[in-house]
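Order of the sequence lines fixes the chain letters, A, B, ..., with proteins taken first and strands second; residue numbering starts at 1 for each chain. Keep in mind that what you see is a predicted model, and the values were worked out from it rather than measured.
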Amino acid sequence: MRLSRYFLPTLKETPSEAEIVSHRLMLRAGMIRQSSAGIYSWLPLGFRVLSKIEQIVREEQDASGAQEILMPTIQPADLWRESGRYDDYGKEMLRIRDRHERDMLYGPTNEEQVTEIFRAHIKSYRDLPKMLYHIQWKFRDEVRPRFGVMRGREFLMKDNYSFDVDHAGAMRSYNKMFVSYLRTFARMGLKAIPMRAETGPIGGDTSHEFIILAETGESQVFCHGDFTDFDPLGEAVDYEGDLQPLVDSWTQLYAATDDQHDAERFARDVPEDKQVVTRGIEVGHIFYFADKYSKPLDAMVQTHDGEQVPVLMGSYGIGVSRLVGAVIEASHDEAGIVWPEPVAPFQVGLINLRTGDQACDAACEDLFGKLRGAGIEVLYDDREERAGAKFADMDLIGLPWQLVVGPRGLESGVVELKQRKTGERAELSADSALARLAG
RNA sequence: CGGGGCGUAGCGCAGUCUGGUAGCGCACCUGCUUUGGGAGCAGGGGGUCGGCGGUUCGAAUCCGUCCGCCCCGACCA
């Protein structure tokens, strides 16, 4: 992509409404545009990141054996009357009436909808287990939306629903998601720690929140320092095998958000030099709630013994749009965003320091073509801007690599390769720069 | 939902108290000079001053009302 043609409205000044760093940087980097409180348009750069994150989530869901579907954003109220949540959910649920005066709602979540799909088609334990997920926009009419996409009213969420005939099977499904989440967040360059959690309006008795450690996070968290050494991507996972030991290894050490925090236990169970007190962002939440929805919605399956039992369910959410903000909270510096490679909107920013100079233009065009030919996503800054402005913009949008081409270097046959994260620079020939980036 | 604040150009703001032809910086357009970390000069474009109503010869400014947005707290992927 040529920057001269790209829609990238970066800002030098910070819009006054933005309080936290990810919100400021997303606005300054031209990633989003606010439509109304808690509702945003995603501009090209932001949309690329959102799509990358969505794709990682999708791949890890698929790997765990879940199947992707797509349910509507608008749901009939009657379904929610069946579960009893139409009245319970309160003002957070956006209620709509269609032209026939039928009560509808913009879905804040999809337990009812997916249970209705399940009950219509699945009647036997032989068809279980099943995990169905979708990645769809949700709307929750929060009292106070804030922090940009970190707590919007409209947000993109991955929600998965598991269906099992017995408790042991349901725990296997729960564990699959538990492990899948660890891998999902790790692939984005995030250290997410599972913490025991309250179940809230979803209900149920088994639940974990996945919390990213970030200085600028929303809530205070307490955990054992050894979590930082854990590597969820260290070995391949067999989702059909026994995941319990792996789950146990992640749940034995102390980890709690402030509302679940037990200061005495923390002091007793965690050695002082291992006590980590920092802030965190909730990016995922998994629940096991058994027959809370299947019972009222009459989603029954027949067991091996011919008995009719309500199917046992869990639900598993990842805040996809929130993750964009969360990654920035976890990875930025004074100059701007520092994207982890897997979620970066482009891998390389190619900077032409002297657009209009024949040698620079030719060298850049050559590199641009070769990089794209090698399948590398590259944003080529071919604008008629001064070097300083180009450096500043490139640092702001945080692409992992900057390939800098200027007249001075070309004279001695070199270009400069800079790593955004470390600031490390290397002068090398165009060919070895290419080799380095393609490798 | 309680408390506070703010709506003036794409962004950041002044002007409001004390009514009198709507301003500044950045961004944008044109030209020239510049060119390795957000250039300089000259010229230029862009505003129903959040909406509606009122007071007044005259309202961004005073009064009323509605709307929107942000921040702090209680709640949430």
Distance, rounded to the nearest Å, where A:Ile135 contributes CD1 and B:A77 contributes C1': 13 Å

Salt bridge (charged side-chain N to carboxylate O under 4.0 Å, His left out) partners of A:Arg386, counting only residues at least two apart: none

Base of B:G38 and ring of A:Phe391 stacked, centres under 5.5 Å, planes under 30°: no

Residue-phosphate contact under 4.0 Å: A:Arg144 side-chain N/O, B:A74 OP1/OP2: no

Pairs satisfying side-chain hydrogen bond (donor to acceptor under 3.5 Å, both in side chains), at least one member in residues 400-412 of chain A, at least two apart: A:Glu341-A:Trp401, A:Asp395-A:Gln402

Distance below 4.0 Å between A:Lys91 side-chain N/O and B:C1 OP1 or OP2: yes

N or O in side chain of A:Gln34 less than 4.0 angstrom from B:G68 OP1/OP2: no

B:A27 phosphate, OP1 or OP2, under 4.0 Å from A:Lys12 side-chain N/O: yes

Qualifying salt bridge (Lys or Arg N to Asp or Glu O under 4.0 Å) pairs, either residue in residues 74-84 of chain A, two or more places apart: A:Asp78-A:Arg81, A:Arg81-A:Asp103, A:Glu82-A:Arg119

Base versus backbone protein contacts along nucleotides 5-13 of chain B [heavy-atom cut-off under 4.0 Å; B, S, -]: ------BSS

Any donor-acceptor N or O pair under 3.5 Å, side chains A:Gln260, A:Thr257: no

Residue pairs involving residues 326-335 of chain A (criterion salt bridge (Lys or Arg N to Asp or Glu O under 4.0 Å); sequence neighbours excluded): A:Asp333-A:Arg420

Residue list, side-chain contact (heavy atoms from CB on, under 4.5 Å) with A:Gln113, at least two apart or on another chain: A:Met71, A:Pro72, A:Gln75, A:Pro76, A:Leu79, A:Asn110

